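Values in this document were obtained by computation on a predicted structure and should not be read as measured data.
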Amino acid sequence: MHMLLVIVGSIGLIVGSAAAAVLLCWALWSLFRLAGHPAWGPPLVVVPVILWAANLLPNNDFLRLTLVFAVLAAIPFCVEGRAWRIAQVEQRRATGPAGAS
(Lines give C-alpha, C1' and ligand atoms only; values in the text may rest on other atoms or scores of the structure.)
Protein backbone atom coordinates (compact mmCIF):
# COMPACT_ATOMS: atom_id res chain seq x y z
CA MET A 1 0.00 0.00 0.00
CA HIS A 2 2.84 2.37 0.80
CA MET A 3 4.35 1.79 -2.66
CA LEU A 4 1.03 2.68 -4.28
CA LEU A 5 0.87 5.95 -2.33
CA VAL A 6 4.42 6.83 -3.39
CA ILE A 7 3.57 6.17 -7.05
CA VAL A 8 0.36 8.21 -6.90
CA GLY A 9 2.18 11.04 -5.12
CA SER A 10 4.94 11.07 -7.73
CA ILE A 11 2.48 11.11 -10.61
CA GLY A 12 0.52 13.90 -8.93
CA LEU A 13 3.70 15.90 -8.42
CA ILE A 14 4.71 15.56 -12.07
CA VAL A 15 1.28 16.30 -13.53
CA GLY A 16 0.62 19.16 -11.10
CA SER A 17 3.93 20.87 -11.71
CA ALA A 18 3.61 20.49 -15.48
CA ALA A 19 0.14 22.06 -15.34
CA ALA A 20 1.38 24.89 -13.11
CA ALA A 21 4.30 25.56 -15.46
CA VAL A 22 2.11 25.73 -18.55
CA LEU A 23 -0.36 28.02 -16.76
CA LEU A 24 2.49 30.28 -15.64
CA CYS A 25 3.86 30.61 -19.18
CA TRP A 26 0.37 31.11 -20.62
CA ALA A 27 -0.40 33.84 -18.07
CA LEU A 28 2.85 35.66 -18.83
CA TRP A 29 2.26 35.31 -22.59
CA SER A 30 -1.30 36.66 -22.26
CA LEU A 31 -0.22 39.55 -20.04
CA PHE A 32 2.51 40.68 -22.41
CA ARG A 33 0.24 40.15 -25.42
CA LEU A 34 -1.87 43.01 -24.07
CA ALA A 35 1.26 45.18 -24.22
CA GLY A 36 1.93 44.06 -27.80
CA HIS A 37 5.00 41.94 -27.03
CA PRO A 38 3.85 38.42 -26.10
CA ALA A 39 7.29 36.92 -26.74
CA TRP A 40 8.66 38.85 -23.75
CA GLY A 41 6.51 37.03 -21.16
CA PRO A 42 7.77 33.43 -21.07
CA PRO A 43 11.47 34.35 -20.87
CA LEU A 44 10.67 35.98 -17.52
CA VAL A 45 10.48 32.41 -16.21
CA VAL A 46 14.26 32.71 -15.94
CA VAL A 47 13.87 35.14 -13.02
CA PRO A 48 12.45 32.57 -10.54
CA VAL A 49 14.96 30.01 -11.83
CA ILE A 50 17.80 32.38 -10.97
CA LEU A 51 16.23 33.08 -7.57
CA TRP A 52 15.91 29.35 -6.93
CA ALA A 53 19.51 28.73 -8.01
CA ALA A 54 20.65 31.45 -5.58
CA ASN A 55 18.70 29.71 -2.77
CA LEU A 56 16.35 32.67 -2.37
CA LEU A 57 13.24 30.50 -2.88
CA PRO A 58 12.01 27.62 -0.73
CA ASN A 59 13.62 24.28 -1.48
CA ASN A 60 10.76 21.92 -2.27
CA ASP A 61 10.19 19.36 -4.99
CA PHE A 62 7.05 20.94 -6.42
CA LEU A 63 8.69 24.32 -6.98
CA ARG A 64 11.84 22.80 -8.45
CA LEU A 65 9.89 20.59 -10.85
CA THR A 66 7.55 23.44 -11.80
CA LEU A 67 10.51 25.64 -12.69
CA VAL A 68 12.05 22.90 -14.82
CA PHE A 69 8.78 22.39 -16.69
CA ALA A 70 8.28 26.17 -17.00
CA VAL A 71 11.64 26.59 -18.70
CA LEU A 72 10.70 23.83 -21.13
CA ALA A 73 7.18 25.22 -21.68
CA ALA A 74 8.54 28.71 -22.34
CA ILE A 75 10.15 27.61 -25.61
CA PRO A 76 6.94 27.09 -27.65
CA PHE A 77 5.35 30.15 -26.05
CA CYS A 78 8.34 32.26 -27.17
CA VAL A 79 8.08 30.92 -30.71
CA GLU A 80 4.33 31.59 -30.82
CA GLY A 81 4.77 35.07 -29.35
CA ARG A 82 7.34 35.94 -31.99
CA ALA A 83 5.07 34.64 -34.76
CA TRP A 84 2.18 36.66 -33.32
CA ARG A 85 4.30 39.81 -33.27
CA ILE A 86 5.46 39.29 -36.87
CA ALA A 87 1.84 38.80 -37.97
CA GLN A 88 0.87 42.04 -36.22
CA VAL A 89 3.65 43.97 -37.96
CA GLU A 90 2.68 42.50 -41.35
CA GLN A 91 -0.95 43.41 -40.73
CA ARG A 92 0.02 47.01 -39.95
CA ARG A 93 2.13 47.20 -43.11
CA ALA A 94 -0.74 45.82 -45.21
CA THR A 95 -3.27 48.32 -43.89
CA GLY A 96 -0.85 51.24 -44.16
CA PRO A 97 -0.30 54.07 -41.71
CA ALA A 98 -3.29 55.32 -39.74
CA GLY A 99 -5.19 58.11 -41.44
CA ALA A 100 -3.73 57.43 -44.90
CA SER A 101 -6.16 57.25 -47.79
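The hydrophobic cluster containing L65 does not contain L24, counting ILVMFWY residues as joined when their side-chain heavy atoms lie under 4.5 angstrom apart, directly or transitively. Hydrophobic clustering of Ile, Leu, Val, Met, Phe, Trp and Tyr side chains at less than 4.5 Å, counting indirect connections, keeps V79 apart from V89.
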Show which side-chain atoms of residues 66-77 pair as donor or acceptor with protein atoms under 3.5 Å away, not counting sequence neighbours.
unit_1, atom_1, unit_2, atom_2, d
T66, OG1, F62, O, 2.7

Result block: side-chain N/O donor-acceptor pairs under 3.5 angstrom for residues 38-52, not counting sequence neighbours:
none

Do any side-chain atoms of residues 6-17 form donor-acceptor pairs under 3.5 angstrom with protein atoms, and if so which ones, sequence neighbours left out?
unit_1, atom_1, unit_2, atom_2, d
S10, OG, V6, O, 2.9
S17, OG, L13, O, 2.3

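Among residues at least two apart or in separate chains, there is no salt bridge (charged side-chain N to carboxylate O under 4.0 Å, His left out) pair with a member in residues 4-32. The stretch residues 81-91 participates, sequence neighbours left out, in these salt bridge (charged side-chain N to carboxylate O under 4.0 Å, His left out) pairs: E90-R93. Applying the salt bridge (charged side-chain N to carboxylate O under 4.0 Å, His left out) rule to pairs touching residues 21-34 yields nothing, sequence neighbours excluded.
In the hydrophobic clustering, where aliphatic and aromatic side chains (Ile, Leu, Val, Met, Phe, Trp, Tyr) are joined below 4.5 Å either directly or transitively, I86 stands alone.
No donor-acceptor pair under 3.5 Å is formed between the side chain of S30 and the backbone N or O of A27.
Considering only residues two or more places apart in sequence or on other chains, E80 meets the side-chain contact (heavy atoms from CB on, under 4.5 Å) condition with W29. With sequence neighbours excluded, the residues that form a side chain to side chain donor-acceptor pair (under 3.5 Å) with R64 are D61.
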